[in-house]
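Just so it is clear: chains get the letters A, B, ... in the order the sequence lines come, proteins before strands, and each one is counted from 1.
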There are 2 protein chains.
Amino acid sequence: MVTLAEVAQHAGVSASTVSYVLSGKRSISVGTRQRVEQSIQQLGYHPNAGARALASNRSSIIALMVPLRTDMYVPVMMEIAIAVTTSARAHGYDVLLLTGEEGPDAVRRVTGSGLADAMILMDVELDDERLPLLRGTDQPSVLIGLPADTSGLTCVDLDFGATGALCAEHLAMFGHRDIAVIGEAPAVYERHTGFAERTLDGLRSRARELGLRVLHRPCEGGFDAMSLTLARVFDERPGTTGFVVQNESAVEPLLALLRRQGRAVPEDVSVIAICPDQVAVQASVRLTSAAIPAQEMGRSAVERLIAKLTGSGKDEVVLIAPELTVRASTGPAPTAS
Amino acid sequence: MVTLAEVAQHAGVSASTVSYVLSGKRSISVGTRQRVEQSIQQLGYHPNAGARALASNRSSIIALMVPLRTDMYVPVMMEIAIAVTTSARAHGYDVLLLTGEEGPDAVRRVTGSGLADAMILMDVELDDERLPLLRGTDQPSVLIGLPADTSGLTCVDLDFGATGALCAEHLAMFGHRDIAVIGEAPAVYERHTGFAERTLDGLRSRARELGLRVLHRPCEGGFDAMSLTLARVFDERPGTTGFVVQNESAVEPLLALLRRQGRAVPEDVSVIAICPDQVAVQASVRLTSAAIPAQEMGRSAVERLIAKLTGSGKDEVVLIAPELTVRASTGPAPTAS
DNA sequence: ATAGGCTGTCGAAGCGCTTCGACTCCGTCG
DNA sequence: CGACGGAGTCGAAGCGCTTCGACAGCCTAT
């Protein structure tokens, strides 16, 4: 392992000079800089991360806590994780992956050990146990998701309320009157993850203004669950012509069931999915969808975090405006016959 | 920040004693141990990761390099990543997430800086640029995937050859004679990722023994691509009654297209998917599938790595035996009419 | 009784880096 | 023309931990 001292010796300067060349914290003459850089190249020097962390009290690592559950939104989570990693690297940070498994202890461990300089938490619950810890430390953090009380916290999330409203507007515009919301699994609501409720609230209140009737049904993913749910929907509201689906893994089953029942999409029934664009275009029908901008959420979270680490950057809640892309699964409501 | 020295003072012992209590590398009397542990509790002490890494020359971090592309197998990758993280934690290691973006440089950086003690690489290509670096360092590593030359490397992967063979056997047993393989996107083959070819080879050679005719077609995911591919399949081999699908994002489109064409699954056509079980049960038909054991792959990779880190553990190739679960998408071939 | 071997503890020497203060040259300004 | 200040460099003091050798005390075998 090549050390700073060896580089210094090779370049004929002192260790501190090499350090300053690396960090740029003091001015260095052009000649010296070049000699040092050349030595670094020739010797293949890489600064030792541990020594650096010890001496500077910064690790250049961001911790990312992902949900352990793989029961929902897996592609979204993965995309966010990758976006976070890529953005972090662009700012000179590496990413430490933590699962929710350890819970609050992970926060304590990472904060206490100086393993990471900052953290990003995903899958935040309304009243998350980790929040008091975050408020009680001076380690910067950003949440992806929105807890009930955001005071003293920085949060990034899709504006799910506006997303719901947008879905209602789109269906109303096409003349639909009775719409059904196929929600997340009941467990998601019980867990109080917030986003599902926010979607529903936004959708409901806009629907009210527009004179739509809304039926909401939580739904586990999969064919069988969707089958039951759909039967109950048409049983209760036979005139339902619009669907908003929030649970990705219910989308394909829904489409299959509708086809099987002879209901054509979008002629007889319109379907909007709330999902990443990639999912929407790969479905068996090109889906009109409200996008979940995973990339942007990841990138934005990292940027807030960097801002906090560099001193600027205050606590704030960033809600990303939703975008609805019209594809082949929505159209005018069938005229009542 | 509480330091070791403070703990030592509080407990009335020397710093080294506290260190030995923590590491267990020397025997400590019961009384001393208890006093130290109590002090650690009371003061809320967490060892500083940087100092530890510097002094011991080990970081207790495993680097995990995931593919940057999100064009394939996303749920599998995520599941592996989570399994790796969970297993690593169980062994006292944290996981540093790297994307393939940096390529070989990431290997150099991590190895050179001592950031991680070992690495796990996913999405390995047949002739991966990173392999020479791994062979040239004494940092332990494990690949998830199989390159062309495995000498001096430890690899963990599903036995895709056997998986292909298993699919052929299952369809043959049901009396199918003409089968089609819907493969990964052409880009995957061009990239030489190996697993797709291995599946095909295994399937082909077993099919030959069993007297099956095999038509292989790569396929981008999505509805449109699948539509074209399917048309060509039936054009060329109208008597095709069995499908093996390796591209997850082609599964639903295939099912939808078959339905639309009035071909019933499994009465007229049988479909086997090569995918994680979770995907198979959430599809619009409960799919007979050859499982991709993501969890096991992740766990197994970590175990080999830990073995290498602790001295035991030699280079080896671990191929996980495939398992085929029969569900509702395969059945006897229709009797020729 | 005494040498030898355990067990439990301590002190000190780093690990490789950052950073602070100090120092030496210059060029510049009054 | 001397004092001053900035640019460029160096030396040394840690950062908090691990680990090695040393040593004191005790038990056992001779």
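With rounding to the nearest 0.5 angstrom, the CG atom of D123(A) is 10.5 Å from the CD1 atom of I144(A). Atom CE of M297(B) and atom CG of L158(B) lie 6.0 Å apart (nearest 0.5 Å). The distance from the OG1 atom of T150(A) to the CG atom of D157(A) is 11.5 Å, given to the nearest 0.5 Å. Note that CZ of R33(B) and CD of Q38(B) are 14.5 Å apart. Values are rounded to the nearest 0.5 Å.
Sorted by first then second residue, the side-chain hydrogen bond (donor to acceptor under 3.5 Å, both in side chains) pairs that include residues 82-91 of chain B, not counting sequence neighbours, are E102(A)-R89(B). Residue pairs meeting the salt bridge (charged side-chain N to carboxylate O under 4.0 Å, His left out) criterion with at least one partner in residues 132-150 of chain A, sequence neighbours excluded, are R135(A)-D149(A). Sorted by first then second residue, the salt bridge (charged side-chain N to carboxylate O under 4.0 Å, His left out) pairs that include residues 3-23 of chain A, not counting sequence neighbours, number zero.
No side-chain donor-acceptor contact under 3.5 Å links T154(A) and E316(A). Using a 3.5 Å distance cut-off with no hydrogens or angles, the side chains of T17(B) and S14(B) do pair a donor with an acceptor.
Residues satisfying the salt bridge (charged side-chain N to carboxylate O under 4.0 Å, His left out) test with D105(A), not counting sequence neighbours, are R108(A). Every residue two or more places apart in sequence or in another chain was checked for a salt bridge (charged side-chain N to carboxylate O under 4.0 Å, His left out) with D159(A), and none qualifies. Not counting sequence neighbours, the partners of R130(A) by the salt bridge (charged side-chain N to carboxylate O under 4.0 Å, His left out) test are D128(A).
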Contacts table for residues 47-57 of chain A: side-chain donor-acceptor under 3.5 angstrom, sequence neighbours left out:
unit_1, atom_1, unit_2, atom_2, d
N48(A), OD1, G50(A), N, 2.7
N48(A), OD1, A51(A), N, 2.9
S56(A), OG, R52(A), O, 2.6
S56(A), OG, R58(A), N, 3.3
S56(A), OG, R58(A), O, 3.3

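Near DNA chain D, meaning a heavy atom under 4.0 Å from it, residues 49-58 of chain A has L54(A), A55(A) in order of number. Of the residues in residues 26-39 of chain A, those lying under 4.0 Å from DNA chain D by heavy-atom distance are R26(A), S27(A), I28(A), S29(A), T32(A). Non-hydrogen atoms lying under 4.0 Å from DNA chain D are contributed by S16(B), S19(B), Y20(B), all within residues 12-21 of chain B.
For the helix from dA1(C)-dT30(D) to dG30(C)-dC1(D), the terminal axes (five pairs an end, C1' atoms, rotation from four pairs onto the next four) enclose an angle of 40°, given to 10 degrees.
A 4.0 Å heavy-atom criterion places the boundary nucleotides of DNA chain C facing chain A at dG16(C) to dA22(C), written 5' to 3'.
Under the side-chain contact (heavy atoms from CB on, under 4.5 Å) test applied with S39(A), the options V2(A), V7(A), V21(A) reduce to a single match, V7(A).
By the neighbour-count criterion of 12 heavy atoms within 6.0 Å, atom CD of Q9(B) is sparsely surrounded, having that number or fewer from other residues, nucleotides or ligands.
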